[in-house]
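These notes concern the structure reproduced below.
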There are 4 protein chains.
Amino acid sequence: MANDTVITIVGNLVADPELRWTQSGMAVANFTLASTPRTFDRQANEWKDGEALFLRCSIWRDAAENVAESLEKGARVIVQGRLKQRSYQDREGNQRTSIELDVEEVGPSLRYATARPQKVDRRQGGQRAPQQQGYGQGQPQQGQHAGWTDQQGGYDDTPPPF
Amino acid sequence: MANDTVITIVGNLVADPELRWTQSGMAVANFTLASTPRTFDRQANEWKDGEALFLRCSIWRDAAENVAESLEKGARVIVQGRLKQRSYQDREGNQRTSIELDVEEVGPSLRYATARPQKVDRRQGGQRAPQQQGYGQGQPQQGQHAGWTDQQGGYDDTPPPF
Amino acid sequence: MANDTVITIVGNLVADPELRWTQSGMAVANFTLASTPRTFDRQANEWKDGEALFLRCSIWRDAAENVAESLEKGARVIVQGRLKQRSYQDREGNQRTSIELDVEEVGPSLRYATARPQKVDRRQGGQRAPQQQGYGQGQPQQGQHAGWTDQQGGYDDTPPPF
Amino acid sequence: MANDTVITIVGNLVADPELRWTQSGMAVANFTLASTPRTFDRQANEWKDGEALFLRCSIWRDAAENVAESLEKGARVIVQGRLKQRSYQDREGNQRTSIELDVEEVGPSLRYATARPQKVDRRQGGQRAPQQQGYGQGQPQQGQHAGWTDQQGGYDDTPPPF
DNA sequence: TTTT
DNA sequence: TTTT
């Protein structure tokens with residue numbers, strides 16, 4: 001019976017995405033992700049970066065255009081898709097195969113401080129709510145803060161998990 | 001030996017994220033994801049939505065502030081994190097447990113047409129490159145298009161995988 | 001658009017699987033997995049076990065019988081399936097929900113030295129190497145079967161997890 | 001920051017696993033998984049098999065011996081591990097890379113009727129139910145061992161995948 | 001309780 | 001090059 005080959009990878013774009021169109025007018029974007037596993041070195045007793053995986057990705061239609069507009073070299077993204085084998089001929093004429101990712105979902109990671117895109121307007125047309133500046137003020141909104149730590153309860157002050 | 005419980009889910013926020021701070025000043029954002037499995041109904045011979053999973057999520061520090069600023073009700077996101085069991089007392093005083101997701105990575109999905117946030121500037125400070133217009137024009141850029149479909153090669157016109 | 005909620009977890013069975021049959025004769029096995037995340041404690045500078053996640057799992061048809069025959073308390077397994085929300089009434093009559101895993105694939109982990117099951121016979125017919133000890137008879141155990149379908153029936157009256 | 005590149009794949013072994021030892025005596029098993037995505041053909045209105053992905057896998061130590069004893073050509077398995085890029089020289093002397101899977105967990109799928117291995121003995125010491133047919137002797141097979149470590153040695157000279 |  |  002058939003299998004499901006969907007996987008998820010987190011990594012950074014090694015270059016800007018390349019946007020193209022098929023002859024029938026369908027958009028396709030290609031980009032390469034570098035994904036660097038974190039490994040704990042028992043000898044050195046510290047975290048080190050492992051060897052990076054470079055994974056070629058492709059994405060289609062609207063998503064391709066979104067990717068080309070929203071992502072650039074260095075962006076950290078989460079991608080979900082299917083591993084696919086592609087055949088090609090090298091310069092010597094030998095048949096070769098490579099493994100790539102057919103992306104179904106991709107999103108820019110919101111993990112770090114610089115990653116604060118504007119809110120997206122989901123209404124028809126795709127305009128976005130006006131914003132004067134508003135990035136990264138990064139300070140507690142008084143009301144919320146007070147309201148929350150005033151109570152006894154809710155989340156305790158335990159350290160976060162990572 | 002210990003296990004790794006990292007999972008990835010795609011879904012939509014059922015409400016705006018709630019941003020709070022611990023007493024020590026650490027930001028935490030909470031939100032609930034609705035993830036609706038797509039199932040193929042053999043009787044009706046068509047795709048249908050399955051029953052949604054509602055998964056409570058929490059995220060910490062900078063990422064919490066990014067989430068609060070960037071995401072809102074309805075947003076489609078990819079989240080990666082660890083399933084966690086939380087204990088609490090219900091109104092009758094019974095000990096209960098719930099399963100939640102401790103989010104490590106989250107990104108707004110770029111899958112659909114309206115999802116086109118501006119490019120994020122990765123330089124220190126987080127300002128973003130000026131842009132005159134540039135959103136969603138969604139048309140082939142002449143040079144690229146021509147250069148690509150002119151050749152015989154590159155990607156062929158096969159239908160996309162999904 | 002709908003989402004795909006398939007996840008994979010590695011863990012150990014906290015008890016032997018429970019095998020039952022629906023009134024229509026379909027086998028279902030239930031078991032609970034304990035999955036213990038490994039975390040690196042920066043203070044102590046060592047690996048520690050995090051808090052275990054206990055995840056209720058169900059699996060159907062042939063796979064249910066395989067699970068009941070092959071797995072027992074303590075077994076380390078890899079499971080792949082969909083997170084599902086289940087509604088039930090607690091003793092006070094309140095509507096509650098729990099999150100469980102609808103298992104699509106499960107296999108006993110071959111990671112450690114003791115995990116060496118016999119090779120499986122893949123030939124048509126499915127006979128397998130003779131076994132004295134009475135596993136694998138593949139028939140409803142009278143007590144369980146009766147006890148369960150005697151009730152008003154169906155699968156939906158199972159007790160909530162934990 | 002580093003990423004986590006753990007993925008899970010379900011597939012079938014295209015051949016028996018190959019078991020070898022490094023010069024330092026560490027076991028390593030290699031096998032190739034075929035993972036065939038199931039796709040729904042809207043034209044034909046039916047499920048079809050997509051194009052298979054062939055993924056080269058390696059696994060180490062005890063797990064390698066377990067794999068060699070328990071799995072054979074055709075076996076359906078669940079594997080979890082990290083995608084890794086490997087460099088090698090092709091016959092023309094060109095530097096090439098391939099993507100493989102460093103397996104951390106693997107288990108034979110219990111999904112189908114024929115997949116019913118005996119229960120595994122989990123007691124200290126790792127003895128297992130008596131077996132007449134000679135699986136699981138757990139010792140290096142002379143020929144393989146010799147043939148492999150006789151060469152100049154180490155694991156790194158293995159031929160590239162496919 | 002969300003959703004192209 | 002596998003496969004309920």
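Quick caveat, the model's predicted, so the values are computed rather than measured. Computed over heavy atoms, backbone and side chain alike; hydrogens, waters and symmetry mates excluded. The sequence lines fix the lettering, A, B, ..., with proteins before strands; numbering per chain opens at 1.
A search for side chain to side chain donor-acceptor pair (under 3.5 Å) contacts involving C/R61 returns nothing, not counting sequence neighbours. Residues forming a side-chain contact (heavy atoms from CB on, under 4.5 Å) with A/A64 (at least two apart in sequence, or on another chain): A/L19, A/A27, A/A29, A/I59.
Between the CG atom of C/D62 and the C1' atom of F/dT3 there is a distance of 16 Å, given to the nearest Å. To the nearest angstrom, P of E/dT3 lies 18 Å from CD1 of B/I78. Look at CD on B/E51: it is 13 Å from P on E/dT1, rounded to the nearest Å. Rounded to whole Å, atom P of F/dT2 lies 13 Å from atom CG of D/D49. One atom, CZ of D/R56, and another, P of F/dT2, lie 15 Å apart when rounded to the nearest Å. If you measure from atom CG of B/L71 to atom P of E/dT3, you get 14 Å, rounded to the nearest angstrom. One atom, CG of D/L53, and another, C1' of F/dT3, lie 14 Å apart when rounded to the nearest Å. Rounded to an integer number of Å, the gap from B/R76 CZ to E/dT1 P is 21 Å.
Checked by atom type and distance alone, the side chain of B/N12 pairs as donor or acceptor with a backbone atom of B/G74 at under 3.5 Å.
Residue C/N3 is tested with B/I9, B/I78, B/D49, B/T36 for a side chain to side chain contact (heavy atoms under 4.5 Å, CB included); the sole match is B/T36.
Under 3.5 Å, the side chain of B/N12 and the base of E/dT3 form no donor-acceptor pair of N or O atoms.
Residue-nucleotide stacking is present for B/F54 and E/dT1, judged by a side-chain ring centre under 5.5 Å from the six-membered base ring centre and planes under 30° apart.
Out of F/dT2, E/dT3, E/dT1, the shortest distance to the side chain of B/T32 is found at E/dT1. Distance from the side chain of B/A52 is smallest to E/dT2 among E/dT1, F/dT3, E/dT2.
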